[in-house]
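A short write-up of the structure that comes next.
Just so we're on the same page: letters track the sequence lines, and every chain starts at 1. Only this structure's heavy atoms are used, side chains among them; waters, hydrogens and symmetry mates stay out.
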Amino acid sequence: MLDITCDFKSELLGKFAIETEYDIVTVRQTIRQFAKDAGMGIVDQTRITTAVSELFRNMYNYAGGGKVFIESGDVEGHHALIVTCIDHGPGIENLDLAMSDGYTSGMGMGYGLPGAKRLVDRFEIQSKLNEGTTVRIMKWK
Amino acid sequence: MNQYEKRIPIIKIHDYLIVPIQVDMHDKQAIQLQSQILEEIARTRAKGVLIDISVLEMVDSFIGRMLSGMASMAAIMDTSVVIVGMQPAVAITLVELGLEMPGVDTALNMEKGMEMLERKLNTRKIDTY
Amino acid sequence: MKESFNVKNLKNRIDRIEDILASVAAGDMEARIGSDIEDDFSGIEAAIDLLINDLTDELRERAKVQKELESRLSKIQEQQKTILQQQEDLLELSSPVSKVWDNILILPVIGTLDSQRTQVMMENLLQKIVDTGCTISILDITGVPTVDTQVANHLLKTVTAARLLGAECIISGISPAIAQTIVHLGIDLSAIRTKATLQDAMIYSMKQNKRSEEVKALANISFPNENEG
Ligand SMILES: Nc1ncnc2c1ncn2[C@@H]1O[C@H](COP(=O)(O)OP(=O)(O)OP(=O)(O)O)[C@@H](O)[C@H]1O
Ligand SMILES: [Mg+2]
C-alpha cells in the first residue's frame, strides 16, 4: 500500500516484528551491532540506535506494533544503513504537525519524530488514515 | 533470569541512595525503577540520589523523560537527584534529539556527584540555619 | 622446367611445429623448434623460431611493465593512506585540548571552522572532559574569523552536551564580526556563558573553582541544631 520510492540498491540484513516492549530493546541492540559492523563511530551508532528506538516505540504505542526491515545499500554515493518501519495502525492525520517539535497526541514530549529526523542522514515518512504509517531512515558514515 | 527481569539495585550509603543502571531498560522497567526509587526515598529518608548511567549506551526520549521526571518528583519530596557519568555520545544524541533536560543536575563521576549532593545539603543547612 | 622440393620427414616436422606452438601458447617461453636439418623447409622452421623469440621478448617486457605498474600503484595507495591519516591527525591536532589548571580545560580554536571539524572538535572536548574529570572548560574562538549557522549550532550543542555530562563550557573570544553574525542568524546564545577574552574566561573559571572549594569546606562546619527535625 504505502510505497516509498526506492532509488537505491540494497541487501536485506534482517526483518523483525515489534510486538512487545522487549522487542524495542532487542531490535535496537541488533541495529547498533549492524551500525558497528558498518564501521560507524560511537556517536553515529548511538544516533541511529536512539532514532530507531523512537520509531519502534511509536509503532508499539500508536499502532500496536509493526515490522522492521534492515538493509544496507548505496545511497548518494554513501554506504548506508537503512531501516524501514511499517505499521498498519491508525495513521497520522497531520504529518506536518506530527513532525514538529513538542507536538504529541498523547503523554509524550513530542520529540520522537522530529528528533529521529535530526539524528539521521535521510528521513522519509508516509502515512494514511486508517491504513498505517511507514518511516524509512538512513544513516551513513 | 534474563536481563529484562534483573532488578536494578538501589543501594543506601549514609544519607544517599546510589542507583547503578547497568541494563538497557525497556519502558516498563524504567517506570518500575522510578517508583522503586521514590519508595526507597520515603522509606530510608535519603537526602540525595545518585543515578549512575555511565554504562548506558543510549538514552532515548522515554528514559530521558523518566530521568528528568525522577528529578522533579524527588525534588517535591525534598530530595536531590544527580545523574552521574553520562557518556559523550549519549549527551550529543540527547541534545540532537531535543532533550536538553533543563533543571536536571548532572555530574561527571560518582565522586563529583557526591560532592554536589553535599554542597546542596550544606547550602540548604546554611539557608535554614 | 620441373621444380623439385627437397624435404625430409615432412610429416614429423609439421607435427613438431604444432607441438612447439602449442607449448608456447601454453606459456612455455623456452620452447623452440631448433631443427638442425638443412633443406627447403628449414627456412620456415627458422622463421617460426624467430617469431617465437619476438613474441616471448614482448611477453617478458609486458610482464615487467605490469609488475612495475603494480608496485607503483601500491606505493600510491600507501601514500594516499598516509595522506588520509595525516588529514585525520591534523583535524585532531588543530583542536588540541589541554588541561591548563586544576579542573580547567582549554580548547583554543584557530582557523575556519567547518561543520565536520567542529563535530570532531566537539567529540574530542567532551571525551577529554570525561577522561580528565575537569568540570570547567573554555572554548576559545579568538582565532576563528567567522561562523555560519551550522557551526554556531555545533558550538551551542557542545555547551549543552557538556552540561549533560556534568561540566560547564564557557566560550571566549567572540569577535565583533561573529557576534553580529550570531545575532543576525537569530541564534540564541543566552543560555551560554560567554566571556570577552580568554583571560576573562580564565579568571571566571578560577573563581568558580575557588567557590566550590569554599562550599566544600563548609561541610566541616557543624550546625548546632542539625539533628532537630
Ligand atoms: N506509527 C504511528 N502511528 C500513528 N500515529 C503516530 C505514529 N508515530 C507517531 N504518531 C503520532 O505523531 C505524534 C508525534 O510523535 P512523536 O514520536 O514525535 O511524539 P510522541 O510519541 O507523542 O512523544 P515522544 O516520542 O517524545 O515520547 C504522536 O503523538 C502520535 O500522535
Ligand atoms: Mg514518540
Side-chain angles (χ1 to χ4, degrees), chain B residues 14-15 45 47-48 50-56 58-59 63-64 67-68 71 78 80-129, chain C residues 97 99 102-105 115 118-137 150 153-169 188 190-192 208-209 211-229:
Chain B
H14 298 304
D15 282 340
R45 297 199 187 175
K47 291 272 169 264
L50 292 167
I51 302 183
D52 179 8
I53 60 165
S54 57
V55 298
L56 276 199
M58 186 213 72
V59 171
I63 300 173
L67 291 174
S68 46
D78 198 23
S80 309
V81 170
V82 179
I83 308 293
V84 171
M86 188 185 291
Q87 291 180 13
V90 174
I92 294 172
T93 304
L94 266 181
V95 176
E96 285 173 357
L97 194 62
L99 263 70
E100 304 184 354
M101 308 225 276
V104 175
D105 287 316
T106 51
L108 284 170
N109 49 46
M110 274 298 190
E111 197 188 329
K112 293 256 154 67
M114 196 71 92
E115 271 171 33
M116 184 178 248
L117 284 179
E118 307 238 289
R119 208 152 56 218
K120 287 194 147 196
L121 273 184
N122 288 330
T123 25
R124 208 152 52 180
K125 274 189 222 161
I126 295 164
D127 287 348
T128 51
Y129 184 60
Chain C
V97 189
K99 184 170 172 173
D102 187 31
N103 204 30
I104 304 170
L105 287 179
S115 183
T118 319
Q119 185 107 358
V120 172
M121 216 177 64
M122 164 176 77
E123 289 174 25
N124 281 347
L125 176 63
L126 296 176
Q127 190 58 53
K128 191 83 174 201
I129 289 174
V130 170
D131 293 344
T132 58
C134 288
T135 50
I136 303 172
S137 49
Q150 251 188 334
N153 275 326
H154 279 313
L155 293 177
L156 201 74
K157 208 158 74 182
T158 311
V159 176
T160 318
R163 199 196 67 74
L164 284 178
L165 298 182
E168 183 176 5
C169 182
D188 183 15
S190 60
I192 289 188
Q208 285 289 93
N209 256 353
R211 231 196 84 215
S212 58
E213 288 299 320
E214 279 167 6
V215 180
K216 226 195 279 182
L218 285 177
N220 301 324
I221 303 173
S222 59
F223 294 84
N225 58 349
E226 195 169 325
N227 294 319
E228 287 167 25

If I compare all heavy atoms of [X] with all of [Y], which pair ends up nearest, and what's the gap?
| X | Y | answer |
| --- | --- | --- |
| C:Ala161 | B:Ala91 | O-CB, 3.7 Å |
| B:Leu108 | C:Gly166 | CG-O, 3.9 Å |
| B:Met86 | C:Leu165 | O-CD2, 3.0 Å |

Straight-line distance of B:Leu94 CG to C:Thr160 OG1, nearest 0.5 Å | 11.0 Å
Could you tell me the separation between the NZ atom of C:Lys157 and the CD atom of B:Glu100, rounded to the nearest 0.5 Å?
-> 11.0 Å
Give a yes or no answer on whether the side chain of C:Arg163 reaches the backbone of B:Met101 with a donor-acceptor pair at less than 3.5 Å.
-> yes
Does any backbone or side-chain atom of [X] lie under 4.5 Å from a heavy atom of chain C? Answer side chain, backbone, both or neither.
| X | value |
| --- | --- |
| B:Leu67 | neither |
| B:Val104 | backbone |
| B:Gln87 | backbone |

Residues 128-135 of chain C vs chain B, non-hydrogen distance cutoff under 4.5 Å, contacting residues -> C:Ile129, C:Val130, C:Gly133, C:Cys134, C:Thr135
Max heavy-atom pair count under 4.5 Å with chain C, selected residue of B:Pro88, B:Ala107, B:Gly113 | B:Pro88
For C:Asp102, enumerate each residue passing the side chain to side chain donor-acceptor pair (under 3.5 Å) test, keeping only those at least two apart in sequence or located in another chain.
-> none
